Amino acid sequence: MAEDVFKKLVAHCKEYGFVFQSSEIYDGLGAVYDYGQNGVELKNNIKKYWWDSMVMLNENIVGIDSAIFMHPTIWKASGHVDAFNDPLIDNKDSKKRYRADVLIEEQLAKIEEKINKEVEKAAKRFGDAFDEAQFRSTNARVLEHQEKWDALHNRFAKALNDGNLEELRQIIVDEEIVCPISGTRNWTEVRQFNLMFSTEMGSTSDGALKIYLRPETAQGIFVNYLNVQKTGRMKLPFGIAQIGKAFRNEIVARQFIFRMREFEQMEMQFFVKPGTELDWFEKWKTTRMSWHQSLGFGAENYRFHVHEKLAHYANAAVDVEYKFPFGFKEVEGIHSRTDFDLSQHQQYSGKKIQYFDTEKNESYVPFVVETSIGVDRMFLQVLSASYKEEEVSDASGQKDTRVVLSLPPQLAPVKMAVMPLVKKDGLPEKAREIIDDLKFDFNCMYDEKDSIGKRYRRMDAIGTPFCVTVDHQTLEDNTVTIRYRDTMEQDRVEISKLRAIIAEAVSMKSLFAKLK
Ligand code: GAP
């Protein structure tokens, strides 16, 4: 059912100019996507919400924009050349390749699903008297599934932490996991595969340099730590934020823009005094969760997921997960990265990368807490939460279904559509006058084609919060009909009031005010 909604959402993204398959006329390129006329607006608004919440609201956070190409030794220092690997396994019959950890995670999710089904069934049976906590801790079937889940989970976590590839394969064999394509259990060994794309800089006769397309934007921040700290006279704690493209040769590239090979990240590295990093980690967990929840998609749809296996650089790590139509999945990672990256760059570059603490009268390498979120994944999250099919009835009482994107108005690609009731009698000119007056404030759209009803539906489908209709009365008294996307209610208002009504709804101030 939820998967059905997801398919519709993907089709909707194409039909309404949000997301297109890259190189579509050449049959596409795997896991690479382009953003269309509405997609790019929504994406820019998401980036602005993030950027301003970091750089504008915090006087100790500044932004940078570093190059995608960087010195190759950076990736040696960061550990990505040696350790940025996925454990892969092939099915010998279908010749399909999978991430071994993902196959096991899916198995865990199946067991979780069984538990949830038992709970749902019981909740229906017992109605208001249902005590979920008690049921989960006493029901025999739930306990049996839970025991299985715990055992598998522990075995899996240990194999990951030990980097034990044979054990990962053994788990897949023991759990009788089959290839979704061939349906067989004819698996190869598990091997490591590096996710970085590489290319060459300079001509071969010069001796070309092998360089990598960055797999995260964070390293561009670390290698500019000294530049920013010195030129900005920054004092600890302070942060550097960046939005930019990242590239990963993902093997399991699935679920539309959830996992792409070229994507965009919004990352912030917060530099702190050693020993204070876990307090800052907790603080950023709270702040980032409130950033997500301020959008109003329901607190119950978010959760933290504590990492089973800490990355080579982290001493604490958590994901913010959202309940997508295909289950709870990571949108953002928050990591306490210790002094790993700066120390490594200090060692590999031979340059001192330290902070002089005037209070302590000593120099040290700062510790880092990172918040890292994918723009595209956030885009998918916002669309998944906003896409709705609603039963409505028209003026004559006829039932109809409308597809509406109930986007937060602050993120909507178009804020206001202006529609002349008819294409004559000076109404189009009046409509254009309104747009000319407001187009410096908001993204406005003019639409005169088809019936007003059809025009409203088109605007609902791209999430436009306000539709303004210009009719003959407008020419007499300078009033228009304003129609609200979510309630579909209409009001008659003076044209001179439009700016204030729309500004109030689309200003990011109301989102920022909710942040912790
Ligand atoms: N600097 C830390 C870092 O890159 P990560 O957990 O690998 O951490 C952070 O990535 C975020 O980037 C993820 O939470 C996700 O939103 C996004 N992301 C990672 N890989 C992605 C991919 N292949 N496609 C789309 N988004 C991705």
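Owing to the predicted nature of the structure, the values given are computational and were not obtained by experimental measurement. Counting starts at 1 for both ligands and their atoms, in listed order.
For ligand 1, the atoms closer than 4.0 angstrom to any heavy atom of Gly374 are 11 (C), 12 (O), 15 (C), 16 (O), 17 (C). Per-residue contacts place Glu332 under 4.0 angstrom from the following atoms of ligand 1 (heavy atoms of the residue considered): 14 (O). Interface of Glu267 with ligand 1, defined as ligand atoms under 4.0 Å from a residue heavy atom, comprises 1 (N), 2 (C), 3 (C), 4 (O). Close contacts between ligand 1 and Arg337 involve ligand atoms 1 (N), 2 (C) [criterion: under 4.0 Å to a heavy atom]. Within the listing of ligand 1, atoms 14 (O) sit less than 4.0 angstrom from a heavy atom of Gly333.
The shortest heavy-atom contact between Asn38 and Tyr16 is ND2-O, 2.8 Å. Looking at every heavy atom in both residues, Ser66 comes nearest to Arg214 through O-NH1, 3.2 Å.
Among His307, Gln265, Glu264, the residue whose heavy atom sits closest to atom 10 (O) of ligand 1 is Gln265. Nearest residue to atom 23 (N) of ligand 1 from Arg214, Met260, Glu216 is Met260 (criterion: closest heavy atom).
Arg288 forms no cation-pi arrangement with Trp284, by the criterion of a distance under 6.0 Å to the ring centre and an angle within 45° of the ring axis. In this structure, Lys285 is positioned above the aromatic face of Phe304, its NZ or CZ under 6.0 Å from the six-membered ring centre and within 45° of the axis.
At least one side-chain heavy atom of Tyr98 sits under 4.5 Å from a side-chain heavy atom of Ile181.
A salt bridge between Lys43 and Glu264 is present, with a side-chain N of the basic residue lying under 4.0 Å from a carboxylate O of the acidic one. A salt bridge links Arg337 to Glu216: at least one charged side-chain nitrogen sits closer than 4.0 Å to a carboxylate oxygen. The pair Lys329-Asp319 does not meet the salt-bridge criterion, since no charged nitrogen lies less than 4.0 angstrom from a carboxylate oxygen.
The shell of residues lying under 4.0 angstrom from ligand 1, judged by heavy atoms, excludes Asp376. For Gln381, the heavy-atom gap to ligand 1 stays at 4.0 angstrom or more. Not close to ligand 1: Met378, with no non-hydrogen atom less than 4.0 angstrom away.
Remark: ligand 1 and Glu330 share an N or O pair separated by less than 3.5 Å (distance only, no angle test). Not one N or O of Ala218 is nearer than 3.5 Å to an N or O of ligand 1, by distance alone.
For Lys245, the side-chain hydrogen bond (donor to acceptor under 3.5 Å, both in side chains) partners at least two apart in sequence or on another chain are Glu262.
Of the protein's heavy atoms, Ser372 OG, 3.0 Å lies nearest to atom 9 (C) of ligand 1. The protein heavy-atom contact nearest to atom 8 (O) of ligand 1 is His335 CE1, 3.7 Å. In terms of protein heavy-atom proximity, atom 25 (C) of ligand 1 is nearest to Phe258 O, 3.3 Å. Remark: minimum distance from atom 26 (N) of ligand 1 to any protein heavy atom is reached at Phe263 CD1, 3.5 Å. Among all protein heavy atoms, the one lying closest to atom 2 (C) of ligand 1 is Glu370 OE1, 3.1 Å.
Using a 4.0 Å cut-off between heavy atoms, Val331 contacts ligand 1 through its backbone alone, with no side-chain atom that close. If you look at Arg261 next to ligand 1, there are no close heavy atoms at all, none under 4.0 Å. Residue contacts with ligand 1 for Arg248 involve side-chain atoms from C-beta outward but no N, CA, C or O (heavy atoms, distance under 4.0 Å). When non-hydrogen atoms are compared, ligand 1 lies under 4.0 Å from neither the backbone nor the side chain of Gln255.
Glu389 and Tyr387 are linked by a side-chain donor-acceptor pair at a separation below 3.5 angstrom, with hydrogens and angles left out of the test. A donor and an acceptor atom, one from each side chain of Lys388 and Ser406, are located under 3.5 Å apart.
Of the candidates Phe238, Phe367, Phe270, Trp280 forms a ring-ring contact (aromatic ring centres under 6.0 Å, His included) with just one, namely Phe270.
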N/O donor-acceptor pairs under 3.5 Å from side chains in residues 102-112, not counting sequence neighbours:
residue : atom : partner : partner atom : Å
Glu106  : OE2  : Arg254  : NH2          : 3.1
Gln107  : NE2  : Glu175  : OE1          : 3.2

